[in-house]
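See structure below.
All residue numbers refer to positions in the sequence shown, counting from 1.
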Amino acid sequence: MRKLAEQKDRNHMGEEQESVSGDGKVEETEASLEAEEAGSAEEAEGAEEMTETADGDETAAADSGEAAEAAEGKSFFKKKAKADKKQDAMKQKVEELEDRVKRQMAEFDNFRKRTDKEKTAMFETGAKSVIEKILPVVDNFERGLATIPEEEKGNGFADGMQMIYKQLMTELDSLGVKPIEAVGKEFNPDFHNAVMQVESEEYESGFVAQELQKGYMYRDSVVRHSMVAVVN
């Protein structure tokens, strides 16, 4: 009886152990499922956090890119403004130099013209001075030729004097020296020097009736006025 009771107790304990074991397995399974669910939730949360982090990184990267582009654009316009300012300054400097060169060229051209005019005036003054000294020689030639008798005008001496006089007048003419027309012309104080008045039936009053000394011009200026007698 005792052995039978012990056997029953063992069987009952075995059943209880099996029951406990079964319950433990169920609990373990439930715990495992809960752990898996928790892990999945954590993974999902982690994935969501990673997604949010990635989105944040992309947004930050986009903001950073926009900021970099804005900074680059600002730097470009700043450099462009500086380059334009420098170019304007250089352009203004070039214009100032061009204006200075033009002024200097104009001054040099005026100086050259003034110098040429002064040289021409000096040359004409010197030429007129030489011509004034030659004119008395011409006067003496003319007086000498006028005193040659008619019977001697064909001899060699008279012809030689005539040829020398002609050569002298040709040279003076080539230099621009020309005699002033007087007789029969209206008196002009710019060319004539009236030293006396005469009566004349040939010319009207105020006209030159007689030339006492021949006048000459050098180009456009009078070297010596004609000494004349004007009709009263």
Only distances under 3.5 Å count here; give the side-chain donor-acceptor pairs of residues 140-167 to other protein atoms, sequence neighbours excluded, each with its distance to 0.1 Å.
unit_1: N140; atom_1: OD1; unit_2: R143; atom_2: NH1; d: 3.1
unit_1: N140; atom_1: ND2; unit_2: P136; atom_2: O; d: 3.2
unit_1: E142; atom_1: OE2; unit_2: Y165; atom_2: OH; d: 2.6
unit_1: E142; atom_1: OE2; unit_2: K214; atom_2: NZ; d: 3.3
unit_1: T147; atom_1: OG1; unit_2: R143; atom_2: O; d: 3.4
unit_1: T147; atom_1: OG1; unit_2: G144; atom_2: O; d: 2.7
unit_1: E150; atom_1: OE2; unit_2: K153; atom_2: NZ; d: 2.8
unit_1: N155; atom_1: OD1; unit_2: F157; atom_2: N; d: 3.4
unit_1: N155; atom_1: OD1; unit_2: A158; atom_2: N; d: 2.9
unit_1: N155; atom_1: ND2; unit_2: E152; atom_2: O; d: 3.0

Inset, instruction - Carefully, step by step, assess Y216 and I131 under the rule side-chain contact (heavy atoms from CB on, under 4.5 Å). - result: CA-CA 9 Å; Y216 290 90; I131 293 168; 5.6 Å; no

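- Contact of the L212 side chain with the V195 side chain is registered, since non-hydrogen atoms from C-beta on lie closer than 4.5 Å.
- Hydrophobic clustering (side-chain heavy atoms under 4.5 Å, transitive across Ile, Leu, Val, Met, Phe, Trp, Tyr) groups Y218 together with L135.
- Annotation: salt bridge (charged side-chain N to carboxylate O under 4.0 Å, His left out) contacts involving residues 184-205, sequence neighbours excluded, comprise E181-K185.
- Both V130 and V138 are assigned to one and the same hydrophobic cluster, defined by single-linkage of ILVMFWY side chains at heavy-atom distances under 4.5 Å.
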Please list, one pair per line, the donor and acceptor atoms closer than 3.5 Å that link side chains of residues 109-128 to other protein atoms, with sequence neighbours excluded.
unit_1: D109; atom_1: OD1; unit_2: R112; atom_2: NH2; d: 2.6
unit_1: D109; atom_1: OD2; unit_2: K113; atom_2: NZ; d: 3.3
unit_1: N110; atom_1: ND2; unit_2: A106; atom_2: O; d: 3.2
unit_1: T115; atom_1: OG1; unit_2: F111; atom_2: O; d: 2.6
unit_1: T120; atom_1: OG1; unit_2: D116; atom_2: O; d: 2.8
unit_1: T125; atom_1: OG1; unit_2: A121; atom_2: O; d: 2.7

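- Side-chain contact between R100 and E96 is absent, with no heavy-atom pair separated by less than 4.5 Å.
- Under the 4.5 Å side-chain heavy-atom criterion for ILVMFWY residues, no single connected hydrophobic cluster contains both M217 and L172.
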Inset, instruction - Assess whether side-chain contact (heavy atoms from CB on, under 4.5 Å) is satisfied between Y203 and V208, documenting all intermediate values. - result: CA-CA 8 Å; Y203 301 107; V208 177; over 6 Å; no

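- H192 NE2 to I180 CD1: the interatomic distance, rounded to the nearest 0.5 Å, is 6.5 Å.
- Hydrophobic clustering of Ile, Leu, Val, Met, Phe, Trp and Tyr side chains at less than 4.5 Å, counting indirect connections, keeps V228 apart from V231.
- Atom CG of residue L175 and atom CD1 of residue I134 lie 8.0 Å apart, to the nearest 0.5 angstrom.
- To the nearest 0.5 Å, atom NZ of residue K93 and atom CG of residue D88 are 15.5 Å apart.
- Between D84 and the choices K80, K82, K86, the salt bridge (charged side-chain N to carboxylate O under 4.0 Å, His left out) rule is met once, by K80.
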